[in-house]
Amino acid sequence: MIMILPETESLGRSRPRLATKRELPLDTILEGDCIAEMARLPDKSIDMIFADPPYNLQLGGDLFRPEGGKVDACDDDWDKFDSLAVYDDFTREWLAEARRILKDDGTIWVIGSYHNIYRVGALLQDADFWILNDIVWRKANPMPNFRGTRFTNAHETLLWCAKDEKARYTFNYRAMKALNDDLQMRSDWVLPICSGAERVKDDAGDKAHPTQKPEALLYRILLACTKPGDVVLDPFFGTGTTGAVARRLGRQWIGIERERSYVKVARERIDATLPLDESAMTVMADKRSQPRVAFGLLVESGMVPAGSTLVDSKRRWLASVNADGSIACDGEVGSIHKVGAGLQGAPSCNGWTFWHVELDGKLQPIDALRQQHLSAL
């Protein structure tokens, strides 16, 4: 069951009074102003923030389709600001709270359009966030430009940031590669906009939110840079896409939303979301997150005994293994990497894949023995 905590601060855009810090309200919708509610969360308590702030679209007048139908554009009060300076002040304030509550190894994602993303990007850098990537979400089915006066606006931009240049953030590289048919995931993502059965409707049957994001977009983001059990915060929760996907993937979540109509549909939506079976939440581990194994450990354990022989895959070189984990071949003595590089006249060499041992009549890279050692830990 989802908890909803009532608003305790004004919903205005002036700087909220700092409130008493609360315990981390997991799997909860906090109803109120995003700055005020973030101010009540503990320091460094959030693993990832996904922010879909107001775009400040500055729409002028109604927009109609060629056949005369009115386009249901975003003209809600929450997207309106008196000036760009007011919007910038609002952005600075919520980014300051976001930075305070984000863990040192956490990351923040912000999505926007050309109306706001360049201003937000500059303010992210002013707040000392370190931009890791800008992701272009190419919409597979964008809304046409009905007036024919501009290019069809077919993309939005996401900025992915760490707290600083040296932060040890989570990035599930191998999971992203597996998701993309074993190819490196690029920074341009082709995904359809939210439509059809996924579009959340209100009691009147109309779309509940004008800018609802597709679940596929949040699925990729959460899979890329969170782990099961991590806490994900969405300070502009809307109809709860972040919460629904977090629940599916076994992540904990916190949503902040000031519009009561959105809170209602978000609660119903997340309650109806079924989490994946725990066994399905496993992703391919990033090699960088695995414990470091020195070749000497395999020698110590007897998996590759001192005095045994290593060969390359083409059996051009035979190296003898020394008691200290170094190897010797054709006058070269050193680590498996240094000797492999020296024999090939190369600047570097991955000794784990270059050197092989013979097991059951077949050559296998010594990396296979390293993986056996890791699996036994």
Side-chain angles (χ1 to χ4, degrees), residues 2 23-29 38 41-52 98-111 129-133 135 158-180 182-187 189 191 213-235 237 240-256 270 273-293 371 374-377:
I2 298 170
E23 294 298 318
L24 205 59
L26 299 176
D27 301 336
T28 301
I29 302 175
M38 281 194 287
L41 298 177
D43 295 352
K44 300 182 180 181
S45 57
I46 304 298
D47 294 291
M48 194 200 86
I49 297 172
F50 175 81
D52 184 7
R99 183 172 181 83
R100 180 185 62 79
I101 63 178
L102 193 65
K103 293 180 180 179
D104 289 340
D105 57 357
T107 56
I108 180 172
W109 290 75
V110 185
I111 186 170
F129 286 100
W130 183 261
I131 297 178
L132 299 169
N133 274 117
I135 304 293
L158 299 104
L159 300 177
W160 178 38
C161 307
K163 287 187 75 171
D164 60 64
E165 183 179 1
K166 297 181 179 179
R168 297 180 63 84
Y169 56 89
T170 296
F171 178 50
N172 299 316
Y173 168 79
R174 297 183 69 193
M176 287 296 96
K177 191 172 180 180
L179 194 66
N180 197 39
D182 212 27
L183 296 173
Q184 280 193 345
M185 183 71 75
R186 295 168 29 139
S187 61
W189 299 353
L191 297 168
K213 297 302 183 288
E215 290 193 8
L217 182 67
L218 271 298
Y219 187 100
R220 185 173 295 185
I221 289 170
L222 265 63
L223 196 67
C225 58
T226 64
K227 302 180 291 293
D230 278 357
V231 180
V232 180
L233 170 75
D234 186 335
F237 203 54
T241 302
T242 301
V245 175
R247 188 177 188 194
R248 279 176 62 196
L249 291 175
R251 278 64 169 165
Q252 296 177 304
W253 57 270
I254 301 170
I256 303 174
I270 299 171
T273 299
L274 296 177
L276 295 176
D277 183 89
E278 286 190 13
S279 62
M281 294 180 190
T282 302
V283 299
M284 297 179 68
D286 187 347
K287 288 184 178 179
R288 292 177 300 178
S289 67
Q290 295 178 340
R292 184 179 180 276
V293 174
Q371 296 306 318
L374 283 169
S375 66
L377 295 180

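Summarising the geometry, atom CG belonging to L158 is positioned 9.0 Å from atom NZ belonging to K213; distances are rounded to the nearest 0.5 Å. Rounding to the nearest 0.5 angstrom, the gap separating the CG atom in L183 from the CE atom in M176 is 13.5 Å. Rounding to the nearest 0.5 angstrom, the gap separating the CD1 atom in I29 from the CG atom in D234 is 10.5 Å. Note that CD1 of I108 is 9.5 Å distant from CG of L159, once rounded to the nearest 0.5 Å. To the nearest 0.5 angstrom, F171 atom CZ is 9.5 Å from L132 atom CG.
Panel note: side chain N172, backbone L223; a donor-acceptor pair is recorded below 3.5 Å. Here the side chain of T242 pairs no donor or acceptor atom with the backbone of G240 at under 3.5 angstrom. At least one donor-acceptor pair under 3.5 Å links the side chain of D27 to the backbone N or O of W253.
In terms of heavy atoms, I46 sits closest to L102 at O-CD1, 3.5 Å.
Aromatic rings from W160 and Y169 are positioned such that their centres are separated by under 6.0 Å.
Evaluation of the side chain to side chain contact (heavy atoms under 4.5 Å, CB included) rule for R99 yields D128, F129, K163 as partners, not counting sequence neighbours. The salt bridge (charged side-chain N to carboxylate O under 4.0 Å, His left out) search around R248 returns E215, not counting sequence neighbours. In this structure, E165 has no side-chain hydrogen bond (donor to acceptor under 3.5 Å, both in side chains) partners at least two apart in sequence or on a different chain. Residues satisfying the ring-ring contact (aromatic ring centres under 6.0 Å, His included) test with F50, not counting sequence neighbours, are none. Applying the salt bridge (charged side-chain N to carboxylate O under 4.0 Å, His left out) criterion to K44, with sequence neighbours excluded, gives D104. Take D105 and apply the side chain to side chain contact (heavy atoms under 4.5 Å, CB included) test, not counting sequence neighbours, and it matches K103.
The side-chain heavy atoms of M185 and Y173, taken from C-beta on, include no pair separated by under 4.5 Å. Contact check for L24 versus Q252: no side-chain heavy atoms found under the 4.5 Å cut-off. At least one side-chain heavy atom of L179 sits under 4.5 Å from a side-chain heavy atom of R220. Inter-residue side-chain proximity for I111 and L217 is flagged as met; some heavy-atom pair is nearer than 4.5 Å. With a 4.5 Å cut-off on side-chain heavy atoms, C225 and D47 do not count as touching. The shortest side-chain heavy-atom distance between I135 and W109 falls under the 4.5 Å cut-off. L249 places none of its side-chain heavy atoms less than 4.5 Å from the side chain of T226.
Screening I101, I254, I49 for a side chain to side chain contact (heavy atoms under 4.5 Å, CB included) with V231, the sole residue that qualifies is I254.
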Task: CA sep, side-chain torsions, deciding dist, call: V232, V245, side-chain contact (heavy atoms from CB on, under 4.5 Å) - done: CA-CA 10 Å; V232 180; V245 175; over 6 Å; no

Open item on the list: Run D230 and M48 through side-chain contact (heavy atoms from CB on, under 4.5 Å) and show every step you take.
Closed with: CA-CA 8 Å; D230 278 357; M48 194 200 86; over 6 Å; no

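There is no side-chain donor-acceptor pair under 3.5 Å between R247 and T273.
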